[in-house]
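The structure appears right after this line, and notes come after that.
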2 protein chains.
Amino acid sequence: MTEATPPRPQTRIQRRNTEAILEAALEVFSAQGFRGATLDQIAQAAGLSKPNLLYYFPSKEAIHVALLEGLMDIWLAPLRAMDPAGEPKAEIMGYMRRKLEMSREMPRESRLFANEVLQGAPRFIEGIEGDLKTLVDDKAAVIGAWAAAGKIAPVDPYHLIFSIWALTQHYADFDVQVRAVLGPGRAPFAEAERFLETLFERLLAP
Amino acid sequence: MTEATPPRPQTRIQRRNTEAILEAALEVFSAQGFRGATLDQIAQAAGLSKPNLLYYFPSKEAIHVALLEGLMDIWLAPLRAMDPAGEPKAEIMGYMRRKLEMSREMPRESRLFANEVLQGAPRFIEGIEGDLKTLVDDKAAVIGAWAAAGKIAPVDPYHLIFSIWALTQHYADFDVQVRAVLGPGRAPFAEAERFLETLFERLLAP
DNA sequence: CCTACCGATCGGTAGG
DNA sequence: CCTACCGATCGGTAGG
């Protein structure tokens, strides 16, 4: 866990291979989970030999940690963009919409984090207790102030954030189940957007 | 996949061992996922040797399939109990409460299904397309009729059911993250109950 | 950056 | 000749 990032300085080839490895790792880890994934699968998807893979990252765990850390900023961007100076309900609705958009556009990333947290976040707990908790505490205070000022309904800010996570990530993480239950000819994400807009409009109305 | 259940008739010892295996498999599969779990872990948790384990079930996959099938009825009971003749809002709120209670009392079962669906439900897709879809179609029709009659707000019944799944299972599946973000001295499930009661009251009000 | 490997552990099965 | 097992090991594959 000490050396999660590849050696520097990097040549163009090294940068390209590092990118290919992380892309391949995202594909494989998100579909199989950490233990289910193999270095051979990742190496093949990246178009590298396994020994070459292990030249760039010292271990399977190092790839996984680098992947999670590299995605953390992107993953938290929608919440980070919630503006304390903005119009309260519009800011929360905007956050929900960005998060749902993320589930649609980045389902592999969603499943990667889901797999990790579901199994107790053994390689990620410091990220949750660090960046994530700090950001959520910050934004929960903002939402709490909006509620106290009567701009939105008086709801628990933490559970409001949890509800946005749960409702939007569900469509990425349980995509197979959602599509199987809805049957063919439906558009889960478009339907979800309308449903969630109604849900949060009604929940937040002061 | 032909012989997922142990031989019959069973002695008392056989019934006890079969129960111990399924309990151990729930513990291990829910925490590690299918590929992450090993027969050795399951055997040890069940207090049996691995060869004895494989006397009762022919393979790792057979244990997993038997476990999912055996839990299906319990898992669907809360939705099944929703009464078409009952008071609409009370029936939906009751379903939500039973589902949240299930997340609190049976988090391992929740994580078992979550692990499976998250990875594309390779050993479970027929259960989703069969029993689950049939039941959801049935109950969605009931909810749709309630909405059409103006007893509840006009919401998409399928996405209403998805929202109950997402919001209640989140507290079991992402328990580690919820607790890490909330910090010590909080009661996630008690808080969730109050929050979700508010949320669905507001969503469903005609 | 490849060929050739290792200690260990995987799911599953042998004889008794 | 059945049941309910055990100690030891199978062929292959894991991470490294």
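Since the structure is predicted, the reported quantities are computational estimates derived from the model, not experimental observations. These values consider heavy atoms only, across backbone and side chains, with no hydrogens, waters or symmetry-generated copies. Lettering of chains follows the sequences in order, A, B, ..., and the numbering in each one begins at 1.
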Which ones in residues 45-53 of chain A lie close to DNA chain C, meaning a heavy atom under 4.0 Å from one of its atoms?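 Result for residues 45-53 of chain A: A:Ser49, A:Pro51, A:Asn52, sorted by number.
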Expected list for residues 34-42 of chain B near DNA chain C, using heavy atoms below 4.0 Å, is B:Ala37, B:Thr38, B:Leu39, B:Asp40
Stems field, DNA chain C, Watson-Crick or wobble, 3.5 Å, at least 3 pairs, by first number, holds none
Write down the distance between [atom1] ([X]) and [atom2] ([N]), rounded to a whole number of angstrom.
{"X": "A:Ile63", "N": "D:dG16", "atom1": "CD1", "atom2": "C1'", "value": "12 Å"}
{"X": "B:Tyr56", "N": "C:dG11", "atom1": "OH", "atom2": "P", "value": "20 Å"}
{"X": "B:Leu54", "N": "D:dC6", "atom1": "CG", "atom2": "P", "value": "12 Å"}
{"X": "A:His64", "N": "D:dG15", "atom1": "NE2", "atom2": "C1'", "value": "15 Å"}
{"X": "B:Lys60", "N": "C:dT9", "atom1": "NZ", "atom2": "C1'", "value": "12 Å"}
{"X": "B:Phe57", "N": "C:dG11", "atom1": "CZ", "atom2": "C1'", "value": "16 Å"}

query: Hey, is the side chain of B:Tyr55 poking within less than 4.0 Å of OP1 or OP2 on C:dG12, counting only N and O atoms?
result: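 No, no such contact exists.
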Rounding to an integer number of angstrom, what distance separates D:dA8 and C:dG12 when you compare their P atoms?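 It comes out at 22 Å once rounded to the nearest Å.
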Q: For D:dG16 versus C:dA4, give the span between their C1' atoms, rounded off to a whole number of Å.
A: 13 Å
For the side chain of B:Asp138 and the backbone of B:Thr134, is there at least one donor-acceptor N/O pair under 3.5 Å apart?
->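 Side chain of B:Asp138 to backbone of B:Thr134, a donor-acceptor pair under 3.5 Å: no, none is there.
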For A:Arg194, enumerate each residue passing the side-chain hydrogen bond (donor to acceptor under 3.5 Å, both in side chains) test, keeping only those at least two apart in sequence or located in another chain.
->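 With sequence neighbours excluded, A:Arg194 shows a side-chain hydrogen bond (donor to acceptor under 3.5 Å, both in side chains) to no residue whatsoever.
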Sequence neighbours excluded, which residues qualify as side-chain hydrogen bond (donor to acceptor under 3.5 Å, both in side chains) partners of A:His159?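 Counting only residues at least two positions away or on another chain, A:His159 forms a side-chain hydrogen bond (donor to acceptor under 3.5 Å, both in side chains) with B:Tyr171, B:Glu191.
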Which residues pass the side-chain contact (heavy atoms from CB on, under 4.5 Å) test with [X], sequence neighbours left out?
{"X": "A:Met106", "answer": "A:Ile74, A:Met102, A:Glu109"}
{"X": "A:Ala24", "answer": "A:Ile42, A:Ala45, A:Ala46"}
{"X": "A:Glu101", "answer": "A:Arg104, A:Glu105"}

Taking salt bridge (Lys or Arg N to Asp or Glu O under 4.0 Å) as the cut-off, I'd like each qualifying pair that reaches into residues 39-50 of chain A, sequence neighbours left out, listed once.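 Of all non-adjacent pairs touching residues 39-50 of chain A, those that pass salt bridge (Lys or Arg N to Asp or Glu O under 4.0 Å) are A:Asp40-A:Lys50.
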Applied to residues 21-30 of chain B, the salt bridge (Lys or Arg N to Asp or Glu O under 4.0 Å) test, sequence neighbours excluded, yields B:Glu23-B:Arg108, B:Glu27-B:Arg108
**Message:** Test: ring-ring contact (aromatic ring centres under 6.0 Å, His included). Region: residues 13-33 of chain A. Which pairs qualify, not counting sequence neighbours?
**Reply:**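 Every pair satisfying ring-ring contact (aromatic ring centres under 6.0 Å, His included) with a residue in residues 13-33 of chain A: A:Phe29-A:Phe34, A:Phe29-A:His64.
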- prompt: Which residue pairs satisfy the side chain to side chain donor-acceptor pair (under 3.5 Å) criterion with at least one member in residues 83-100 of chain B, sequence neighbours excluded?
  reply: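 Matches after skipping sequence neighbours: B:Lys89-B:Glu201, B:Tyr95-B:Trp165, B:Arg97-B:Glu197.
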Any non-hydrogen side-chain atom of A:Asp137 less than 4.5 Å from a side-chain atom of A:Tyr158?
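They are in side-chain contact.
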